[in-house]
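Have a look at the structure below before the remarks.
Below, chain A is the first sequence line, B the second, and so on; all start at residue 1.
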There are 2 protein chains.
Amino acid sequence: MAKQSMIKGASKPIPEPVLRRLPVYYQYLRKLNLESPREYISCAKIAEDLNNLAIQVRKDMEFTGAQGRPKVGYRVTELLKAIEIFLGWDNTTEAYLVGAGNLGFALLGYQGFKDYGLNIIAAFDSSADKIGREVYGKKILPVKKLPDMIRRTGIKIGILTAPASCAQELADAMLGAGIKAIWNFAPVKISVPAGIIVQHENLASSLAVLSKRLALLLAER
Amino acid sequence: MAKQSMIKGASKPIPEPVLRRLPVYYQYLRKLNLESPREYISCAKIAEDLNNLAIQVRKDMEFTGAQGRPKVGYRVTELLKAIEIFLGWDNTTEAYLVGAGNLGFALLGYQGFKDYGLNIIAAFDSSADKIGREVYGKKILPVKKLPDMIRRTGIKIGILTAPASCAQELADAMLGAGIKAIWNFAPVKISVPAGIIVQHENLASSLAVLSKRLALLLAER
DNA sequence: TAGATTGTTAATCGATTAACAATC
DNA sequence: TAGATTGTTAATCGATTAACAATC
């Protein structure tokens, strides 16, 4: 099966690169709103501050359906709203986190998620000295209760921050109980049936880009 | 300034997508070597297991300079070596980590980095109850010693896991002391002069892809 | 030998960028 | 009005995929 770099199914398919840039604009505009608020903004200004091209910003914004006014630009609040709605960040999606290690704790404590419509309801772990604790206001529950909780709450997103060695097993448990999307931070590829979404965060891929760039930079002279 | 999706400066410029896939092959081949070792492997087999196309695997491998034998395939050890050398993972690069919170701890404890030639030498933090502790064998030092340590050791990579509020300030301190590449996990864009490499891990971008895919999936029926 | 698989050149596809008309 | 900026159509560029020759 071929991979899909294009997100299909929508009226207009959205290129993944666009989808990855929209949050960057969103973060930028929110920060701008706090630090030096203004009613309107042009693509040229956004592009300049974010170090890319105005035409790309304009094209990207087109996907969200946001409309600007010639000579004036886009109303900042409208732009923010358009991105929010487009990404589905205007209403909250609930998720469970599985694996309450350091990374799990970091994600539980990340305040940004609520801006992106993601609410981690609870965490699950198998270790007795973690179960029962409360971290950043979120309960750590025994992992054997996970399937039951997923069924009862109908939660669709699982955030997997367990060690590689038990990632597949935990993924299977989640999927069996009705999870539809797994955000996988475990450093291992997990196999899932068709129709299930896996978003794999691979540190090694990022590191490869970083180390190659650095090697080229240092080799320049 | 336009952005560069292509890594320039090498004899043959390497597309970033290729660079991101190479570690996936690497992880796959290493796991294969442990679980069901074999001397040779074909691109078709790799592609099947990783869910992509044989021609893409072959093209990607071409960049590493690895050579296969028609009808036989590639020698697994050679493939691993070729990727290692190509990414510069065959000799160790040292790095400092700045910000010893939960995420910092998670990265300090991540065993995988040594396979990728990255060695985090020490961590820095400003909080008194962290300074002096040792985590996964790595000392936590006072952040005010950071510039001096960078100068003395000549370390070129800084891993930034501090809160957004002090990310820019810490980045400036690192760059002033000679850091050439920053792996930025802080949820904020940092500004750097030309010639400095910043690799920004943006959770919001990944979440956007995940949430849009899930929304489309759930809307299908 | 026949067939599988690599290596390499060509074709396609999609994303980015450019050009320009519309409009405030 | 003139000029800046959007909206939209066209051109370019690069990455992916296909085709096929080379070879073990």
Side-chain angles (χ1 to χ4, degrees), chain A residues 1-22 24-25 29 38-76 78-79 82-83 205 209 212, chain B residues 1-22 24-25 38-76 78-79 82 205 209 212:
Chain A
M1 195 231 278
K3 60 174 225 251
Q4 56 174 104
S5 90
M6 193 79 113
I7 311 293
K8 285 182 208 85
S11 41
K12 216 184 281 183
I14 310 107
E16 188 174 316
V18 175
L19 220 36
R20 290 194 160 270
R21 283 191 296 266
L22 288 177
V24 178
Y25 303 136
L29 292 170
R38 41 151 78 211
E39 192 169 356
Y40 289 94
I41 195 165
S42 73
C43 291
K45 164 74 173 154
I46 296 175
E48 190 195 327
D49 289 348
L50 294 178
N51 235 298
N52 56 17
L53 300 177
I55 177 67
Q56 185 172 68
V57 177
R58 209 151 75 239
K59 274 280 178 195
D60 288 348
M61 292 308 179
E62 207 184 302
F63 282 97
T64 68
Q67 297 211 324
R69 285 203 287 163
K71 170 140 169 128
V72 180
Y74 297 82
R75 191 185 292 268
V76 175
E78 278 178 24
L79 224 40
I83 296 174
S205 290
V209 177
K212 195 72 191 174
Chain B
M1 195 230 277
K3 63 180 216 244
Q4 56 175 104
S5 90
M6 193 81 112
I7 310 291
K8 283 179 211 90
S11 42
K12 216 186 279 184
I14 312 108
E16 187 175 316
V18 175
L19 219 35
R20 293 196 158 268
R21 283 191 297 265
L22 288 177
V24 179
Y25 303 136
R38 40 150 79 210
E39 194 170 358
Y40 289 94
I41 194 163
S42 72
C43 291
K45 164 75 173 152
I46 297 175
E48 190 194 328
D49 288 349
L50 293 178
N51 235 300
N52 55 15
L53 300 177
I55 176 66
Q56 185 171 68
V57 176
R58 209 150 75 241
K59 274 280 175 192
D60 288 348
M61 293 309 181
E62 207 183 301
F63 281 96
T64 68
Q67 295 210 324
R69 287 203 286 162
K71 170 140 171 126
V72 181
Y74 297 82
R75 193 185 291 269
V76 174
E78 278 178 24
L79 224 39
S205 291
V209 177
K212 196 71 192 174

Rounded distance (Å) that lies between atom C1' of D/dT5 and atom CE of A/M61: 14 Å

For atom CD1 of B/I41 and atom P of C/dA4, their distance in whole Å: 18 Å

Partner nucleotide of D/dG14 by Watson-Crick or wobble geometry (both distances under 3.5 Å): C/dC13

Matching residue for B/Y74 among B/M61, B/E39, B/Q67 - test: side chain to side chain contact (heavy atoms under 4.5 Å, CB included): B/M61

Separation of atom CD in A/Q56 from atom P in D/dC13, rounded to whole Å: 16 Å

A/K59 NZ - D/dT8 C1' separation (whole Å): 6 Å

For C/dA21, the Watson-Crick or wobble partner whose two distances fall under 3.5 Å: D/dT6

5′-ward residue of the pair B/K71/A/E62 relative to DNA chain D: A/E62

Interatomic distance, A/L53 CG vs D/dC13 P [rounded to whole Å]: 14 Å

Euclidean distance, atom CD of residue A/E48 to atom C1' of D/dA4 [Å, nearest integer]: 15 Å

Distance in angstrom units between A/K45 NZ and D/dT6 P, rounded: 14 Å

Sugar-phosphate, base or nothing in reach of A/R58, heavy atoms under 4.0 Å: base

B/I55 CD1 - C/dT9 P separation (whole Å): 12 Å

Reported NZ-to-SG distance for the pair A/K59 and A/C43, which is rounded to 0.5 angstrom: 11.5 Å

side-chain N/O B/Y40 vs C/dT6 OP1/OP2, d < 4.0 Å: no

Nucleotide nearest A/Q67 (side chain, heavy atoms from C-beta), chosen from D/dG7, D/dT6, D/dT23: D/dG7

